[in-house]
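Each remark here refers to the structure printed beneath this line.
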Amino acid sequence: MALPTETVYGLAADATNGNAVAKIFEAKGRPRFNPLIVHVADIAAARKLGQFTQEAEKLAEEFWPGALTLVLGRQPDTAISDLVTAGLPTVAIRIPGHPVAQALLSACGKPLAAPSANRSGHISPTTANHVEADLSGQIDMILDGGPCEVGIESTVVDASEGQATLLRPGGVSAEAIASVLGRPKLRVVNSHSTESGLPKSPGQLASHYAPNARLRLNVTTPEPGEALLAFGPKVPAYSARMINLSETGDLREAAANLFAALRALDAADCRSIAVLHIPGEGLGEAINDRLLRAAAPRP
Ligand code: TXA
Ligand code: MG
């Protein structure tokens, strides 16, 4: 079943039922070695699954419910299927804040494994229609909770031991997390990352969030016939298909609009989408991460 969260729609199954979890991988066409996030209703349920370090406690207190996923040491006696954690000694846990997700989690009383509700490698869904476009025929139900408010996936933080590290930028900014932990900067753990926290080049990344059209990033002048993904008040004079992620230059608004905009420009059937520069701070880090992956060479 697909369910809305404040980040993106998830494709959910009972995390303790190996057969149900296997169906998620089938519907998405997702490689089995990629572990899933487990969603729970409250901190008591989270404690049953994961071992909370000091830093994990602080982050849970500040950001849950919300757009944060904590990777924690897995409790020895959980009923979570090994398929969910891909055999790792850790488990990724999130308490979503969306009222529909909360209601479902409370009603069923089970941890729900849920990756984003898209075919593996495609753009994540931020509306029920996006889910249907990608997975229709593969799933039996979509709970429609309207458009997702955050619009970009949760931030994944490894808080399983010692100092927490950033595994995936997302809906909670790395700056906000570092500040709660009393550190100037959050260490990024990603084999392709640089000092700035952004991957060095799209060529090094697995293609993901990929539209059919080619993406050109940090463009100042779009080429004739290109669609334009703009940001901010200063937009080049331009007549072809254009979407502005945020006319006021608000990164939150831009994150919320990003995936729907990529889908809409892709549907306009242009061979290429030119993307203006988007600043890298705050939610800009997650936006640039997704754009780099969308621009990466396809397998
Ligand atoms: O906002 C979100 O996070 C959405 C909503 C539905 O909650 N979910 C989502 O799930 O984006 P997914 O499966 O597309 O991404 C989960 C990420 C992957 O990058 C995966 O590798 C990582 O979390 N992950 C899951 N379990 C992990 C673990 N034990 N250790 C390290 N990374 C893990
Ligand atoms: Mg995903």
Side-chain angles (χ1 to χ4, degrees), residues 1-13 15 21 24-25 27-40 49-51 56 63-75 78 80-98 100-102 104-105 111-126 128 130-131 134-135 142-143 145 148-161 164-172 189-192 205-210 255-256 258-259 283 286 289-290 293-294:
M1 166 203 298
L3 90 158
T5 81
E6 66 272 42
T7 56
V8 300
Y9 276 72
L11 183 58
V21 174
I24 294 181
F25 286 93
K28 280 187 62 97
R30 178 176 177 128
R32 298 241 168 157
F33 48 79
N34 200 355
L36 306 176
I37 296 173
V38 180
H39 299 70
V40 291
L49 306 179
Q51 297 164 348
F63 297 111
W64 277 352
L68 174 72
T69 295
L70 292 176
V71 173
L72 303 176
R74 184 182 159 151
Q75 294 284 18
T78 69
I80 298 286
S81 160
D82 281 334
L83 265 183
V84 171
T85 51
L88 294 170
T90 52
V91 57
I93 307 175
R94 174 172 171 226
I95 301 181
H98 195 291
V100 175
Q102 272 287 332
L104 179 69
L105 286 164
L112 294 178
S116 51
N118 52 276
R119 294 279 304 167
S120 191
H122 288 195
I123 299 168
S124 295
T126 53
H130 294 165
V131 179
D134 236 31
L135 294 176
I142 303 172
L143 286 179
C148 302
E149 217 169 281
V150 177
I152 206 156
E153 295 84 351
S154 62
T155 305
V156 181
V157 169
D158 182 352
S160 61
E161 52 188 10
T165 56
L166 180 70
L167 299 182
R168 176 179 77 179
V172 174
V189 172
N190 168 334
S191 54
H192 305 304
L205 287 168
S207 164
H208 208 108
Y209 311 96
L258 177 66
F259 291 145
L283 288 196
D289 171 80
R290 303 310 187 265
R293 288 173 201 272

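Please read all numbers here as calculations on a predicted model, not as lab measurements. Indexing begins at 1, ligand by ligand and atom by atom, following the structure's order. Only this structure's heavy atoms are used, side chains among them; waters, hydrogens and symmetry mates stay out.
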In terms of residue, atom name and distance, what is the protein heavy atom nearest to [atom]?
atom: atom 21 (O) of ligand 1; value: N34 OD1, 2.8 Å
atom: atom 14 (O) of ligand 1; value: S116 OG, 3.2 Å
atom: atom 3 (O) of ligand 1; value: S154 OG, 2.5 Å
atom: atom 4 (C) of ligand 1; value: V8 CG2, 3.7 Å
atom: atom 27 (C) of ligand 1; value: P35 CG, 3.4 Å
atom: atom 6 (C) of ligand 1; value: G10 CA, 3.6 Å
atom: atom 17 (C) of ligand 1; value: R168 NH1, 3.8 Å

Subject >> Distance filter under 2.8 Å, centred on the Mg ion (ligand 2) - protein N, O or S atoms that pass it >> reply: S116 OG
Side-chain H-bond candidate by donor/acceptor type, [X] with [Y], under 3.5 Å:
X: E153; Y: S116; value: no
X: R74; Y: T85; value: yes
X: T5; Y: R94; value: yes

Original post:
Relative to atom 30 (N) of ligand 1, which among V71, V150, V157 owns the nearest non-hydrogen atom?
Top reply: V71
**OP:** Could you pull out, from K28, H98, H39, the option with a heavy atom nearest to atom 7 (O) of ligand 1?
**Re:**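 It is H39 that holds the nearest heavy atom.
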Which value, rounded to the nearest 0.5 Å, describes the distance between [X] atom [atom1] and [Y] atom [atom2]?
X: I123; Y: R119; atom1: CD1; atom2: CZ; answer: 15.0 Å
X: R168; Y: R290; atom1: CZ; atom2: CZ; answer: 5.5 Å
X: L112; Y: I37; atom1: CG; atom2: CD1; answer: 13.0 Å
X: S160; Y: L88; atom1: OG; atom2: CG; answer: 10.5 Å
X: I93; Y: T90; atom1: CD1; atom2: OG1; answer: 10.0 Å

Is the shortest N/O to N/O distance between [X] and ligand 1 below 3.5 Å?
X: T90; answer: yes
X: R94; answer: yes
X: Y9; answer: no

Subject >> Contact atoms of ligand 1, heavy-atom distance to T7 under 4.0 Å >> reply: 1 (O), 2 (C), 5 (C)
Original post:
Considering only heavy atoms of L88, which atoms of ligand 1 have at least one such atom less than 4.0 Å away?
Top reply: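 Answer for ligand 1: 28 (C), 29 (N), 30 (N).
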Is there a side-chain contact between [X] and [Y] (heavy atoms, below 4.5 Å)?
X: R30; Y: P115; answer: yes
X: L3; Y: V100; answer: no
X: V84; Y: V38; answer: yes
X: V21; Y: L36; answer: yes

**OP:** Classify the contact between L167 and ligand 1 as side chain, backbone, both or neither, using a heavy-atom distance cut-off of under 4.0 Å.
**Re:**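 It is the side chain that touches ligand 1; the backbone stays farther off.
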Subject >> Flag if over 12 foreign heavy atoms under 6.0 Å of CD, Q102 >> reply: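 Yes, enclosed.
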Original post:
Does R74 reach ligand 1, in the sense of a heavy atom lying below 4.0 Å from it?
Top reply: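 Flag not set, R74 not near ligand 1.
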Subject >> Evaluation steps, side chain to side chain contact (heavy atoms under 4.5 Å, CB included), between T78 and V91 >> reply: CA-CA 10 Å; T78 69; V91 57; over 6 Å; no
